[in-house]
Amino acid sequence: MNAKGFTLIELMIAVVVVAILTSIAYPSYQEQVAKAKRADAASALATGAQALERYYTSNGTYLDADGNLAAVYPTKAPESGSAHYTIAATGTPTANSFTLRATRTGSMTGDRCGNLEISSTGARTLNGNASGTTVADCWRR
C-alpha cells in the first residue's frame with residue numbers, strides 16, 4: 001500500500017523543532033523590543049535636555065519665573081500605545097543644573113536597565129539597574 005501523508009512521529013518531531021526554535025527566538029525578540037523602548041526614552045531625555053539648554057541660553061537659568069524647572073521638555077517618551085517611561089526632573093533643580101529621569105512604567109517596570117537619567121552636564125546614568133548592567137549597555141550611542 002502506498003499511503004501519502006505524515007506519520008504521528010514525523011509530526012511530533014516537527015512540533016519539537018518548532019518549540020525549540022521558538023524558545024530560542026522569543027527571548028531575543030523581547031530584548032529587541034525593550035531596546036527599542038529604551039531608545040525612545042533616551043531620545044526623549046536628550047530632547048528634553050536640549051530644550052532646557054535652549055531655555056538656559058535665552059534666559060540664563062533653567063528655572064522659570066516661579067522658581068521651577070522650565071517645563072519645556074516632554075513628559076512621556078514618544079511611542080505608540082501606552083507609555084513605557086515617564087520623564088520628570090529629579091532632585092532639586094537649580095538655576096545652573098538639572099537632572100531628568102525616565103522612570104519605567106507599564107511593561108518596562110522590571111527592565112534590567114532601571115531608570116535612565118541625564119544631567120545638565122550631559123552625564124548619562126542609570127538608577128535602579130540590575131547588577132552587572134552598565135550605562136553602555138542601556139544608553140546606546
Side-chain angles (χ1 to χ4, degrees), residues 2-141:
N2 192 5
K4 293 184 180 182
F6 298 104
T7 66
L8 182 59
I9 291 179
E10 289 172 330
L11 287 174
M12 295 289 282
I13 290 171
V15 168
V16 168
V17 168
V18 169
I20 290 170
L21 291 175
T22 302
S23 68
I24 292 169
Y26 189 67
S28 295
Y29 168 75
Q30 286 181 311
E31 181 57 27
Q32 292 302 317
V33 169
K35 281 182 184 179
K37 292 174 183 176
R38 280 192 298 270
D40 279 346
S43 174
L45 283 175
T47 299
Q50 289 170 354
L52 285 167
E53 290 299 330
R54 284 191 301 276
Y55 185 88
Y56 184 85
T57 300
S58 298
N59 300 291
T61 180
Y62 293 116
L63 304 178
D64 61 17
D66 297 328
N68 300 315
L69 187 63
V72 294
Y73 58 90
T75 58
K76 295 205 179 193
E79 86 305 301
S80 59
S82 61
H84 303 290
Y85 288 89
T86 301
I87 311 298
T90 63
T92 305
T94 68
N96 298 313
S97 69
F98 68 85
T99 300
L100 294 179
R101 178 183 291 168
T103 303
R104 301 166 292 170
T105 61
S107 65
M108 293 302 286
T109 300
D111 186 47
R112 67 184 175 83
C113 285
N115 302 320
L116 307 174
E117 294 180 344
I118 191 168
S119 72
S120 55
T121 63
R124 298 170 183 208
T125 57
L126 302 174
N127 177 278
N129 55 309
S131 64
T133 305
T134 66
V135 171
D137 293 335
C138 301
W139 278 91
R140 299 280 177 185
R141 289 187 179 196

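Residue Ile87 comes nearest to Ala102 through the heavy atom pair CD1-CB, 3.5 Å, listed as atom of the first residue, atom of the second, then distance. The two residues Val135 and Arg124 have their closest heavy-atom pair at CG1-O, 3.6 Å.
Interatomic distance, Leu116 CG to Asn127 CG, rounded to the nearest 0.5 Å: 10.0 Å. The distance from the CZ atom of Phe98 to the OH atom of Tyr55 is 13.0 Å, given to the nearest 0.5 Å. With values rounded to the nearest 0.5 angstrom, Tyr62 atom OH is found 8.5 Å from Thr94 atom OG1. Taking CG of Asp111 as the reference point, atom CD of Glu31 lies at 7.0 Å (rounded to 0.5 Å). Ser97 OG to Leu52 CG: the interatomic distance, rounded to the nearest 0.5 Å, is 11.0 Å.
A side chain to side chain contact (heavy atoms under 4.5 Å, CB included) with Val16 is found for exactly one of Ile13, Ile20, Val18, namely Ile20. Screening Asn129, Leu126, Thr133 for a side chain to side chain contact (heavy atoms under 4.5 Å, CB included) with Arg112, the sole residue that qualifies is Thr133. A side chain to side chain contact (heavy atoms under 4.5 Å, CB included) with Cys113 is found for exactly one of Met108, Lys35, Arg38, Lys37, namely Arg38.
Proximity of Thr134 to Trp139: side-chain heavy atoms (C-beta onward) are nowhere separated by under 4.5 Å. Thr99 places none of its side-chain heavy atoms less than 4.5 Å from the side chain of Ser120. For the pair Thr90 and Leu100, the minimum side-chain heavy-atom distance is 4.5 Å or more.
The salt bridge (Lys or Arg N to Asp or Glu O under 4.0 Å) check on Arg54 picks up nothing, with sequence neighbours excluded. Under the rule for a side-chain contact (heavy atoms from CB on, under 4.5 Å), the partners of Leu8 that lie at least two apart in sequence or sit in another chain are Met12.
Side chain to side chain, Thr105 and His84 fail the donor-acceptor criterion of an N or O pair below 3.5 Å. Side chains of Asn115 and Arg101: no donor on one and acceptor on the other come within 3.5 Å.
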Discussion item. Walk me through whether Leu63 and Asn68 qualify under side-chain contact (heavy atoms from CB on, under 4.5 Å).
Written reply: CA-CA 5 Å; Leu63 304 178; Asn68 300 315; 5.9 Å; no
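The list of ring pair (Phe, Tyr, Trp, His ring centres under 6.0 Å) pairs with a residue in residues 4-41, not counting sequence neighbours, is empty.
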